[in-house]
Amino acid sequence: MLSLGPVTLGSVAVLAPMAGMTDVVFRLLCKEQGCGLVYTELVKADALLKGVRRAVRYAETTPAEYPVGVQLYHHEPEVLAAAAAWVTEHIECDLIDLNMGCPVPRIVTRGAGAALMRDPHLVERLVSAVVNATHLPVTAKTRSGWDDSELNAVEVARAVEAAGGVALAVHARTRAQRHDGPVNWELLAQVVEAVDIPVIGNGGILESTGALAMREQTGVVAVMVGRGALGNPWIFGEIDAAWHGRPWTPPTLPERLAMVRRHVETAHEANLRWAGRERERDDAELRAAKWVRGHLVGYVRGAPGERWFLRQLNDLSTVDAIVETLEAAWTSPPSAPGPGPTHSGAPA
Ligand SMILES: Cc1cc2nc3c(=O)[nH]c(=O)nc-3n(C[C@H](O)[C@H](O)[C@H](O)COP(=O)(O)O)c2cc1C
């Protein structure tokens, strides 16, 4: 059984934190399909301390998804430590993860996210401050470096370990690469070699073959899957089975459709729970339909009617319309995609 400090994982495949995607609704579906660990999307430490509604919502977890990590970001040790203490007191979670990889300009220009890769001393101070502020295990998510001239993942990993971090996830691309381009497995292997804490490998894993190859060539103890999980929560079961040499059966079409229905329905329910004003309750289903669009792109990937489905994606506004149109996309040949469903809200 794989452990990150005191946290035991039931699977070697974990879900990458993804802003706007890895909300509690999706995390639960991944967990049910064999995901070993989920994280909240990144939460700004000072916003959390100020009680900003959105930040607090992002940090919320639910027992069915445990083990779960809350991911925080900031560049000042005192602020990050205070937010970690707040999370420890108010949120049920298993670990606190520190974001050191976000490439977004408004975050790096303030010295947070991937900008931290440029200052391993600050990394050590940040991790140490957080470790001292919480009894929860602390992990970090880093990159290979800032750009090709600053590939210092090894140095940063050592800083995380020296400060008391219990594990590390490395997205083996530079900040300059953002989310695309080759994943640096050679450097990932060097990080694994350089530290004693468990290293989780991240970047470009789309199915179990990639996960096994990454393990083989780098020695990572687990893999973190980001975009490969969108519309494919089954990937976690697939990877864990392959990792341990167990057989695995891909989902059938009815299972796929049932998953999509649950995904949109639970997003709808969550919207109703969070709705403050009456107007928000009235359009909760429409907002749920918009909310899951990024996932629908994944749920239809490989279907004969994929392009036909994507053309009408923005018009799908109800749970029934989404499921019926998706079913038509999977059952219609691409050359003759058919008229599609006639349910109200679905395209003609
Ligand atoms: C839409 C999107 C949002 C992301 N948000 C976060 C985030 O909140 N925190 C984080 O550490 N990484 C974030 N990432 C990076 C992913 O966690 C992951 O490192 C990256 O997508 C590479 O993995 P992949 O190739 O499997 O997708 C995000 C990536 C995407 C595509």
Side-chain angles (χ1 to χ4, degrees), residues 15 17-33 38-44 47-48 50-65 68 70-71 91 104 106 226-227 229-233 256-301 303 305-330 337 339-348:
L15 176 63
M18 282 181 287
M21 293 294 175
T22 53
D23 46 72
V24 66
V25 168
F26 184 57
R27 297 198 305 260
L28 270 174
L29 300 180
C30 292
K31 171 73 202 256
E32 284 174 16
Q33 295 305 321
V38 296
Y39 301 81
T40 66
E41 57 188 275
L42 83 177
V43 184
K44 195 171 181 217
L48 200 57
K50 286 181 198 141
V52 174
R53 190 174 155 215
R54 190 177 282 238
V56 174
R57 186 192 292 172
Y58 288 162
E60 277 170 8
T61 64
T62 188
E65 64 176 324
V68 58
V70 172
Q71 190 188 60
I91 307 279
V104 173
R106 85 187 136 75
R227 286 158 297 175
L230 301 179
N232 186 15
R256 202 176 276 276
L257 296 174
M259 176 70 79
V260 174
R261 180 172 288 283
R262 271 193 61 216
H263 195 155
V264 197
E265 279 176 356
T266 47
H268 183 192
E269 283 157 20
N271 271 338
L272 286 172
R273 247 190 347 267
W274 291 329
R277 292 182 292 276
E278 202 175 321
R279 190 170 53 78
E280 285 179 327
R281 277 193 294 280
D282 287 348
D283 66 3
E285 186 173 10
L286 173 63
R287 282 185 298 114
K290 287 185 182 169
W291 182 7
V292 300
R293 267 179 205 159
H295 296 274
L296 294 177
V297 173
Y299 282 120
V300 77
R301 189 164 296 129
E306 179 177 351
R307 289 174 61 190
W308 169 80
F309 179 87
L310 294 179
R311 276 201 300 276
Q312 43 212 333
L313 184 61
N314 292 346
D315 298 323
L316 300 175
S317 55
T318 66
V319 178
D320 286 340
I322 288 170
V323 176
E324 287 173 21
T325 312
L326 192 68
E327 182 169 14
W330 274 101
T342 51
H343 193 278
S344 68

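Going from atom CE of Met21 over to atom NE2 of His295 covers 5.0 Å, rounded to the nearest 0.5 Å. Interatomic distance, Met259 CE to Leu326 CG, rounded to the nearest 0.5 Å: 12.5 Å.
For the side-chain contact (heavy atoms from CB on, under 4.5 Å) test, residues two or more places apart in sequence or in another chain that qualify with Ala229 are Leu15, Phe26, Val225, Ile235, Phe236. Taking Ala64 as the reference, Leu28 meet the side-chain contact (heavy atoms from CB on, under 4.5 Å) condition, with sequence neighbours excluded. Leu272 meets the side-chain contact (heavy atoms from CB on, under 4.5 Å) test with His268, Arg281, Ala284; sequence neighbours excluded. Partners of Arg256 according to the salt bridge (Lys or Arg N to Asp or Glu O under 4.0 Å) rule, which considers only residues two or more places apart in sequence or in another chain, do not exist here.
Among Val24, Leu42, Val43, the one residue that satisfies the side-chain contact (heavy atoms from CB on, under 4.5 Å) test with Tyr58 is Val43.
Within a 6.0 Å radius of CZ in Arg54, other residues, nucleotides and ligands contribute 12 heavy atoms or fewer. Atom CZ of Arg307 is surrounded by 12 or fewer heavy atoms from other residues, nucleotides or ligands within 6.0 Å.
Val297 has its side chain out of reach of Leu230: every pair of non-hydrogen atoms, C-beta onward, lies at least 4.5 Å apart. The shortest side-chain heavy-atom distance between Arg301 and Glu306 falls under the 4.5 Å cut-off.
Nearest heavy-atom pair across Leu316 and Arg293 is O-NH2, 4.3 Å. Nearest heavy-atom pair across Ala55 and Ala47 is CB-CB, 3.8 Å. In terms of heavy atoms, Trp330 sits closest to Tyr299 at NE1-O, 3.1 Å.
Annotation: side chain to side chain donor-acceptor pair (under 3.5 Å) contacts involving residues 20-29, sequence neighbours excluded, comprise Asp23-Trp291, Arg27-Glu65. Within the structure, every pair that satisfies the salt bridge (charged side-chain N to carboxylate O under 4.0 Å, His left out) test and touches residues 259-269, not counting sequence neighbours, is listed here: Glu32-Arg262, Arg261-Glu265, Arg261-Asp320.
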